[in-house]
Amino acid sequence: MTPGRTCNDLDSLHFDNRFVRHLPADPEPSNLRRQVSNTCFSRVAPTPVSAPELVAVSPDAAALLDLDEKAWQSDLFAQVFTGNRLLAGMDPFAMCYGGHQFGNWAGQLGDGRAINLGEVINRQGKRWILQLKGAGPTPYSRTADGLAVFRSSTREFLCSEAMFFLGIPTTRALSLTLTGETVERDMFYDGHPEEEPGAVVCRLSPSFIRFGNFQIHGARQETAVLKQLMDYTIRTDFPHLGQPDKDTYIRWFTEVCQATRSLVLHWMRVGFVHGVMNTDNMSILGLTIDYGPYGWLEDYNPVWTPNTTDAHGRRYCFQNQGQVALWNLAQLANAVYPVIGDAAPLKTALEAFSRTFQQGWQTMMAQKLGLARYHPDTDESLIKDLLTLLQAMETDYTLFFRGLADLPFSKTLSDNTVMPVPGPIKEALYQPEKIHQDYEKQLSSWLQQYQKRILQDRLPQKMRSKQMNRQNPLYVLRNYLAQMAIDKAQHNDFSMIHELLEVMKTPYDFQPGKEKFAEKRPEWARNRPGCSMLSCSS
Ligand code: AMP
Ligand code: MG
């Protein structure tokens, strides 16, 4: 490829398949479901499909591969990114990993419906692994079909890109393609399966390695392979840590803890709930990975989970995400311990996670409120009281902070005055008619507390508002918006998918004409499947 130019020819992508070159492969070539020991992956070809149809591309993700519009306008593009055609240099494989699902060790899981095509080195020398999700069975498909349906693929495609533009670490999504096949799914697990359109998303990531990749070798006492995978990961994705040795392993684990901490704090900043934080869904790079029954907080509710499978235990609800991340990191520590042989530094890293998570949460909340820094004397109660009130008043988490940034505080609120809910905050209420005087009193008192606090910082209103709007997005991929786009697509109208992709590119900026994408969830969506709760059936 000529340096400095985008390419419109997929054939000129440069592949360097490091994972398969350096790690032990399963010798068996078939895709029959089986246990695969002492190996990191199995070579497996995608299953051909009848009628690939490209629905959407993320131009920004394509640019990571130096691809421009001509590339995705070619018929070859849809063929390659549904798995019908392989490019020279591709060497497809599925990874072997295990995991704890909902707190229980599940044994071998692996890429049951993800097939890595190969690793592209782009013009800047950066590595991007191409992975198809939904391209047919692999040795790790267990009892399932290896396929994905259009509704969940659309949700993954849009949310990966929305997350990236929110500034949150994530795997990327290059393309969303219909396969022309149908896939049977029992969406409500109630014995009424239906045929749904099949789809494939092509994901991009510098690494798709999960905590579970290490766990499977730990659990099977395959210490030599475990060490090989750790050394590979450090050399490939953490080269700044130096050559692998005991100290490097500890610094690596500490860095994984910190990346995971930062990720979860970002999620909580924007009101994202992953929904299935099993250890096989935890990226070693601290990326958001495996978009399934995820969701966005609408009314603030700390125990909300979008995942119907988790509705009873609420293990993965909004407020538990930090604790669960720590629990998952502890499982990773157990897995890598045999190679490190010293538990104390791993424990230290886990303790640092707890401590810094709490600090990070405080700093993040202070930033959401536009405060220069967190002052424990005043801000602990400021934050606690606010969250209690947001929940009691059924307040939209996203719109509240944007509304608060708009409040001028031009005249000083006097103590103990009770005022009606200010307009910008009223906008964020789901049931404004239910706000009686008691709430007005509590909100007025909180706003007085808040005003005192911001006056201490002496930040001009404009600056405070600007800073807050950089922390608090206006546009998030609300569940009902994604669902509306999916509903429209059933009538072959993909316009809303394209429009959402575009709006979510600048989520912190007000976009004239796009107000409807910043609205709180409408009443019709309150209890509609796909809008409030989702099953894992994807
Ligand atoms: P998830 O809950 O999506 O993280 O999936 C857990 C495990 O099940 C992973 O090993 C997936 O690859 C696998 N899996 C999920 N859905 C399918 C499917 N339709 N076909 C094959 N494997 C699947
Ligand atoms: Mg998964």
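Atoms within each ligand, like the ligands themselves, are counted from 1 in listed order.
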Under 6.0 Å from the six-membered ring centre of Tyr232 and within 45° of its axis: does the NZ or CZ of Lys227 meet both? no
Whether Arg172 engages the ring of Phe164 as a cation-pi pair (distance to the six-membered ring centre under 6.0 angstrom, angle to the ring normal within 45°) should be assessed. yes
From atom 21 (C) of ligand 1, work out which of Gly136, Pro137, Ser152, Gly112 has a heavy atom at the shortest distance. Gly112
Who's closest to atom 17 (C) of ligand 1 heavy-atom-wise, of Arg185, Met277, Arg113? Arg113
Per-atom contacts, ligand 1 versus [X] - under 4.0 Å to a heavy atom:
| X | value |
| --- | --- |
| Gln101 | 6 (C) |
| Asp145 | 18 (C), 19 (N), 20 (N) |
| Leu147 | 19 (N) |
| Asp290 | 4 (O) |

Side-chain (Gln321) to main-chain (His274) donor-acceptor, under 3.5 angstrom: yes
Give a yes or no answer on whether the side chain of Arg34 reaches the backbone of Leu32 with a donor-acceptor pair at less than 3.5 Å. yes
Report the relative orientation of the aromatic rings in [X] and [Y]; use parallel for angles under 30°, tilted for 30 to 60°, perpendicular for over 60°.
| X | Y | answer |
| --- | --- | --- |
| His240 | Phe238 | tilted |
| Tyr294 | Tyr291 | perpendicular |
| Phe494 | Phe150 | tilted |

Option passing side chain to side chain contact (heavy atoms under 4.5 Å, CB included) with Pro46 (candidates Val80, Ile115, Thr82): Ile115
Tested for side chain to side chain contact (heavy atoms under 4.5 Å, CB included) against Leu117, the lone hit among Asp91, Leu130, Ile129, Leu13 is Leu130
Looking only at protein heavy atoms, which one is nearest to [atom], and how far off is it?
| atom | result |
| --- | --- |
| atom 4 (O) of ligand 1 | Asn281 OD1, 2.9 Å |
| atom 18 (C) of ligand 1 | Ala144 CB, 3.4 Å |
| atom 20 (N) of ligand 1 | Gly146 N, 2.7 Å |
| atom 13 (C) of ligand 1 | Arg142 NH2, 3.7 Å |

Checked the Mg ion (ligand 2): protein N, O or S atoms closer than 2.8 Å come out as Asn281 OD1, Asp290 OD2
Is the distance between the ring centroids of Phe77 and Phe81 under 6.0 Å? yes
Taking the ring of Phe318 and the ring of Trp304, is the distance between their centroids below 6.0 Å? no
Geometric N/O contact Asp111 with ligand 1, under 3.5 angstrom: no
Does an N or O anywhere in Val276 fall below 3.5 Å from an N or O of ligand 1? no
Check: Arg478 and Gln483 side chains under 4.5 Å, non-hydrogen atoms: no
Assess Gly110 for proximity to ligand 1: is some non-hydrogen atom of it under 4.0 Å away? yes
Asp280, portion touching ligand 1 at heavy-atom distance under 4.0 Å: side chain
Listed once per pair and sorted, the ring pair (Phe, Tyr, Trp, His ring centres under 6.0 Å) pairs that draw on residues 97-121, sequence neighbours left out: His100-Trp105, His100-Trp327, Phe102-Tyr316
